[in-house]
Number of protein chains: 2
Amino acid sequence: MSSSGASGTHSRIRSDHATELAEDYVEAIAEIAESSGLCRAVDLSRHFGVSHVTVSKAIGRLVRDGYATTEPYGPIALTSKGQRVAKAAKARHEIVYQFLLALGVSEKTAQTDSEGLEHHVSQETLKAMQDFMEKEEG
Amino acid sequence: MSSSGASGTHSRIRSDHATELAEDYVEAIAEIAESSGLCRAVDLSRHFGVSHVTVSKAIGRLVRDGYATTEPYGPIALTSKGQRVAKAAKARHEIVYQFLLALGVSEKTAQTDSEGLEHHVSQETLKAMQDFMEKEEG
DNA sequence: ACCGAAGTGTAGCCGATGCTACAATTTTAA
DNA sequence: TTAAAATTGTAGCATCGGCTACACTTCGGT
Ligand SMILES: [Mn+2]
Ligand SMILES: [Mn+2]
Ligand SMILES: [Mn+2]
Ligand SMILES: [Mn+2]
């Protein structure tokens with residue numbers, strides 16, 4: 001454990017949290033657009049269980065940061081940057097989810113836990129999870 | 001993956017985030033108090049890499065919620081509730097940390113990743129991690 | 001074509017978590 | 001003892017992510 005110089009660690013956690021919501025949003029937008037042709041604010045409102053105002057403001061931040069575009073009363077589209085982030089987030093999420101299943105947890109728990117864990121897994125840990133799954137079945 | 005009815009999942013994530021900072025604070029307070037006899041705001045400021053004002057406000061919330069006590073210009077002490085939460089958080093943190101090491105991750109990465117992951121691990125997943133470690137050496 | 005329902009936008013509020021600047025207190029050292 | 005350094009408090013500000021209430025636009029059914 002040690003705990004010496006923990007401030008760098010915590011600053012990474014804070015930075016993870018700052019990008020977490022954007023990752024979940026672009027992933028959801030991509031998913032919804034793929035399954036139903038296009039993504040509307042109301043879809044995200046239902047998906048996340050928050051008000052349409054909360055979604056509207058989140059979309060505003062996504063647009064501001066170059067992840068998405070919209071027009072008044074129109075659907076939400078991802079920019080190429082948004083698509084890239086969505087793809088990466090989905091891939092990482094899927095690895096964490098499959099890893100939890102391989103560890104022996106239930107589907108329901110794997111789904112819930114992976115939604116929170118995915119944003120705090122480094123490349124090194126992700127690689128270790130993949131190695132574990134390969135060894136599992138090989 | 002499925003994604004049907006994901007709003008319950010996300011509401012748990014939001015709730016995890018709400019308790020995350022309190023958990024890290026009480027854990028740090030217990031740790032610092034044990035190693036140096038008492039915990040001051042400046043210790044937490046250095047530990048987390050944030051300003052002393054940020055610490056002061058966080059402590060105010062801890063006091064409001066019954067986790068800690070203070071007096072003006074005095075040190076910070078945990079209530080019994082705070083001690084209980086600190087102990088549980090530390091135990092869970094340690095399991096996640098050791099699990100990452102058992103997975104084959106470096107100490108540095110295990111330390112950083114476990115700091116973020118710990119708050120999103122359910123009891124079921126924690127148990128699966130322990131089972132894995134037992135099997136590892138058993 | 002119209003009217004109601006659904007979806008979206010805007011105004012205004014809140015709490016949490018971060019900051020700087022400055023004031024007050026306490027501790028340390030000369 | 002007293003002056004400087006360290007620590008803590010307070011005022012004021014910002015962003016994020018949540019909400020309700022109300023206005024506006026768009027869509028669908030008759
Ligand atoms: Mn995800
Ligand atoms: Mn997620
Ligand atoms: Mn911890
Ligand atoms: Mn933590």
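Lettering of chains follows the sequences in order, A, B, ..., and the numbering in each one begins at 1.
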- Query: Reckon B/Thr54 has a side-chain N or O less than 4.0 Å from the OP1 or OP2 of C/dC19?
  - Reply: yes

- Message: Using heavy-atom distances to pick each residue's nearest nucleotide on DNA chain D, tell me which of A/His17 and B/Gly74 is more 5'.
- Response: B/Gly74

- Proximity to the side chain of A/Val53 - top-ranked nucleotide from C/dT17, C/dA21, C/dA11: C/dA11

- Choose from C/dA21, C/dC19, C/dT8 the nucleotide whose nearest atom is closest to any side-chain atom of A/Val42. C/dT8

- Message: I want to check one thing: is the phosphate of D/dC16, taken as OP1 and OP2, less than 4.0 Å away from some side-chain N or O of A/Arg64?
- Response: yes

- Query: Are a donor atom and an acceptor atom from the side chains of B/His17 and A/Glu20 found within less than 3.5 Å of each other?
  - Reply: yes

- Task: Give the ring-plane orientation class for A/Phe132 versus A/Phe99, where under 30° counts as parallel, over 60° as perpendicular and anything between as tilted.
- Result: perpendicular

- Relative to the 5' end of DNA chain D, which residue comes earlier, A/Ala18 or B/Lys57, by the nucleotide with the nearest heavy atom? B/Lys57

- Query: Among the nucleotides C/dG7, C/dT25, D/dT20, which one has an atom lying closest to any side-chain atom of A/Arg46?
  - Reply: C/dG7

- Item | Separation of atom CZ in A/Arg14 from atom C1' in D/dT15, rounded to whole Å | 15 Å

- Task: Would you kindly give the NE2-to-C1' distance between A/His10 and C/dT17, to the nearest whole Å?
- Result: 15 Å

- Message: Taking only side-chain N and O atoms of A/Arg61, does any of them lie within less than 4.0 angstrom of OP1 or OP2 on D/dT15?
- Response: no

- A/Ser51 side-chain proximity, nearest of D/dT20, C/dT17, D/dG18: D/dT20

- Among D/dT7, D/dG12, C/dG7, which nucleotide sits nearest the side chain of A/Tyr73? C/dG7

- Item | Any side-chain heavy-atom pair of B/Thr19 and B/His119 under 4.5 Å | no

- Task: Would you kindly say whether B/Glu124 and A/Ser106 are connected by a side-chain donor-acceptor distance under 3.5 Å?
- Result: yes

- Task: Would you tell me if any nitrogen or oxygen in the side chain of A/Arg40 comes within less than 4.0 Å of OP1 or OP2 on C/dT8?
- Result: yes

- Query: Hey, would you say the B/Tyr67 and B/Tyr25 ring centroids sit under 6.0 Å apart?
  - Reply: no

- Round to the nearest Å and state the distance from B/Glu23 atom CD to C/dA16 atom C1'. 16 Å

- Task: State which of C/dG18, C/dT8, D/dC16 makes the closest approach to the side chain of B/Val50.
- Result: C/dG18

- Aromatic stack B/His52/D/dT7: centroid gap under 5.5 Å, interplanar angle under 30°: no

- Note on the structure: The nucleotide from C/dA21, D/dG17, C/dT20 with an atom nearest the side chain of A/Leu21 is D/dG17

- Message: In this structure, how many angstroms lie between the P atom of D/dG18 and the CG atom of B/Asp16, rounded?
- Response: 13 Å

